[in-house]
Amino acid sequence: MNIGGQEVFRTVPYKIDDTLSSPTDKYNHTYFWLKGDICYKVTFKEVEEEAQQQMIAALVKEKAIDLKK
């Protein structure tokens, strides 16, 4: 999918422990995208899909911080 002008991949809904999870556990969604040589990963739990995509759009626009400086 394209979010904020960036190609983003989203997993299907999943539970962390799958068969060991209880029926009340919420499903997770993980998003991945590449910027240069960096792969970003964000996982959401208990957040509506529209809010997830809004947050990803905001994160895609942010610049990476070089921690080596």
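Throughout, numbering of the chain's residues begins at 1 and tracks the sequence.
With side-chain heavy atoms closer than 4.5 Å counting as contact, directly or through intermediates, the hydrophobic cluster containing Ile65 also holds Leu67.
Applying the side-chain hydrogen bond (donor to acceptor under 3.5 Å, both in side chains) rule to Glu49 yields the partners Arg10, Gln53; only residues at least two apart in sequence or on another chain are considered. Remark: Tyr27 engages no residue in a ring-ring contact (aromatic ring centres under 6.0 Å, His included) (not counting sequence neighbours). Tyr14 is linked by a side-chain hydrogen bond (donor to acceptor under 3.5 Å, both in side chains) to Thr30, counting only residues two or more places apart in sequence or in another chain.
Note on residues 42-69: pairs passing ring-ring contact (aromatic ring centres under 6.0 Å, His included), not counting sequence neighbours, are Tyr31-Phe44. Every pair tested for ring-ring contact (aromatic ring centres under 6.0 Å, His included) that includes a residue from residues 46-69 fails, sequence neighbours excluded, so the list is empty. Among pairs with a residue in residues 26-35, none fulfils salt bridge (charged side-chain N to carboxylate O under 4.0 Å, His left out), at least two apart in sequence or across chains. Note on residues 50-69: no pairs pass ring-ring contact (aromatic ring centres under 6.0 Å, His included), not counting sequence neighbours.
In this structure, Gln6 contributes its side chain and Leu34 its backbone to a donor-acceptor pair below 3.5 Å.
In the hydrophobic clustering of this structure, Met1 groups with Trp33; members are Ile, Leu, Val, Met, Phe, Trp, Tyr whose side-chain heavy atoms approach within less than 4.5 Å, directly or through other members.
In plain terms, the two heavy atoms of Val42 and Leu59 that are nearest each other are CG2-CD1, 3.8 Å.
Two residues are said to be in side-chain contact when any heavy atoms from C-beta on lie closer than 4.5 Å; Thr11 and Phe32 meet this criterion.
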